[in-house]
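Since the structure comes first, as structure tokens, the remarks are kept for the end.
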Amino acid sequence: MKGFEVFQTMENEMQKKRILSGIQPSGDLTLGSYLGAIRNWAALADEYDCYYMLADMHTITVRQVPAELRRHTLTQVAAYIASGLDPEKNTLFVQSHVPAHAQLAWVLDCYTMFGELSRMTQFKDKSAKNADNINAGLFTYPALMAADILIYQADLVPVGGDQKQHVELCRDVATRFNGIYGDVFKLPEPYIPKVGARVMSLTSPTSKMSKSDKDQNGCVYMLERPEDIMRKFKKAVTDSEASVHYDPESKPGVSNLMQIYSVATGRTFEEIEREFAGHGYGDFKAAVGEAVVELLRPIREETERLLADKAYLEGVYRAGAERASRVADRTVAKVYKKVGFLPR
Ligand code: ATP
Ligand code: LTN
């Protein structure tokens, strides 16, 4: 880029509103993370200045195998790009490569209340699942997440419905901090899709589809082979009514499949009900499986292609960390000054 073009890009980025979101590279990405979050990210790049992070620091709140964590992180960089996030238009980076996140997180720990953290659903769920490792990081996790968001002065945080409570806590912490020190942080809004905000497990449709779920049949992975995806959909739990009809309360399994089908094909619930009127669940489940296979196929193929080019991926996350650090370091400097730390 020529000097003038660089200047123009910087000007544009300064005027655009900011977006920050992240996903933990704690396992293979699921259809839930794709439909609830990643799918919505690519379309935002023209209108917003977007930062998408691999939240590796968050993953160690639950024990990880080091080599697996590295592998998942690299695969996730490739999956972000394969899902349509152009690294020229989006800043893609690894959280631990930008030390400012940890620097701000400590400060925010001191402005986040024990009672607030105790109310977090994710903390309660994860402590129940990891009863032998309820560590302090698991508890203060939302303060690090608040740092991730506030450090970029983000306007919008595109996430699935399960993260709404954390974004609200982030706003409360920012409001508390601003109340003491003046307008330091911008207050972010969550951006949650209407359909696909909460994709449920295929085997127990009253709980969220999650990559750390022990039951692999409930969870469809973004990079899974078509035959495995089909098998999981064919075995998905439904009910005994044999009618494709949207009613999340009394028909959670069928309603979940309808949501997935609706997002994958762009059809409304009414259209789906009409399409399968008079058909058994067998046809319906196969159709949902096929739609998901076609939705994910190009992403899987592109991810595999990108993973063969490690040097390219390294270049992407290095450049991302540099761009991210420039913004993040400014916020930390401002916060350190506000709280009274002596400048070095
Ligand atoms: P873990 O099992 O490690 O907690 P997870 O599978 O729940 O992970 P995250 O990495 O926590 O997924 O979430 C990544 C993003 O995807 C978040 O924005 C989250 O809200 C969204 N998301 C995750 N699971 C779902 C789901 N089942 N439905 C909709 N959105 C989801
Ligand atoms: N807590 C999120 C991951 C995450 C995140 C963030 C999302 C970490 N930092 C900042 C949005 C913004 C999760 O578990 N899905």
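In this text, all values refer to a predicted model and were calculated from it rather than measured experimentally. Every number for a ligand or one of its atoms is a count from 1 in the order of the listing.
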Quiz item: According to the interplanar angle, ranging from 0 to 90°, do the rings of Trp41 and Tyr52 count as parallel (below 30°), tilted (30 to 60°) or perpendicular (above 60°)?
Solution: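 Trp41 and Tyr52: parallel rings.
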Are [X] and [Y] within salt-bridge range, i.e. N to O under 4.0 Å?
{"X": "Lys186", "Y": "Asp155", "result": "yes"}
{"X": "Asp162", "Y": "Lys208", "result": "yes"}
{"X": "Glu116", "Y": "Arg176", "result": "yes"}
{"X": "Asp46", "Y": "Lys89", "result": "yes"}

Quiz item: Hey, do the aromatic rings of Tyr317 and Tyr80 have their centres closer than 6.0 Å?
Solution: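 Tyr317 vs Tyr80: aromatic centres not under 6.0 Å.
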Minimum-distance protein heavy atom relative to [atom]:
{"atom": "atom 14 (O) of ligand 2", "result": "Tyr141 OH, 2.6 Å"}
{"atom": "atom 7 (C) of ligand 2", "result": "Gly22 O, 3.3 Å"}
{"atom": "atom 15 (N) of ligand 2", "result": "Gln163 NE2, 3.3 Å"}
{"atom": "atom 12 (C) of ligand 2", "result": "Leu20 CD1, 3.5 Å"}
{"atom": "atom 9 (N) of ligand 2", "result": "Asp148 OD2, 2.7 Å"}

Exercise. Report yes if some N/O of Ser21 lies less than 3.5 Å from some N/O of ligand 2; otherwise report no.
Key: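 So ligand 2 has no N or O lying under 3.5 Å from an N or O of Ser21.
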For residues 217-232, which side-chain donor-acceptor pairs fall under 3.5 Å, sequence neighbours excluded?
from   : atom 1 : to     : atom 2 : distance (Å)
Asn217 : OD1    : Arg231 : NH1    : 3.4
Glu224 : OE1    : Tyr221 : N      : 2.9
Glu224 : OE1    : Lys232 : NZ     : 3.4
Glu224 : OE2    : Lys232 : NZ     : 2.6
Arg225 : NE     : Asp228 : OD2    : 3.2
Arg225 : NH2    : Asp228 : OD2    : 3.2
Asp228 : OD1    : Arg231 : NH2    : 3.4
Lys232 : NZ     : Gln216 : O      : 2.9
Lys232 : NZ     : Cys219 : O      : 2.8

Quiz item: Should we count NZ of Lys164 as having more than 12 external heavy atoms under 6.0 Å?
Solution: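 Open: at most 12 neighbouring heavy atoms sit under 6.0 Å from NZ of Lys164.
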Quiz item: Can Gln122 be said to touch ligand 2, with heavy atoms closer than 4.0 Å?
Solution: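 In this structure, Gln122 qualifies as a contact of ligand 2 - some heavy atom is under 4.0 Å.
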Quiz prompt | Proximal protein residues to ligand 1, non-hydrogen atoms under 4.0 angstrom | solution =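 Residues near ligand 1: Ile23, Gln24, Ser26, Gly32, Ser33, Gly36, Ala37, Lys126, Val159, Gly160, Asp162, Gln163, Gly196, Ala197, Arg198, Val199, Lys208, Met209, Ser210, Lys211, Ser212.
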Self-check item: Proximal ligand 2 atoms for Ala55, defined as those under 4.0 Å from one of its heavy atoms
Solution: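 Here the atoms of ligand 2 in question are 8 (C).
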Practice problem: Can you sort out which atoms of ligand 2 are near Met53, meaning under 4.0 Å from one of its heavy atoms? | Solution: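 Listed by number with element: 6 (C), 9 (N).
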Quiz item: Among all residues two or more places apart in sequence or in another chain, which pass the ring pair (Phe, Tyr, Trp, His ring centres under 6.0 Å) test with Tyr141?
Solution: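 Listed in chain order: His58, His166.
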Show which side-chain atoms of residues 290-300 pair as donor or acceptor with protein atoms under 3.5 Å away, not counting sequence neighbours.
from   : atom 1 : to     : atom 2 : distance (Å)
Glu294 : OE1    : Arg297 : NE     : 3.2
Glu294 : OE2    : Arg297 : NH2    : 2.8

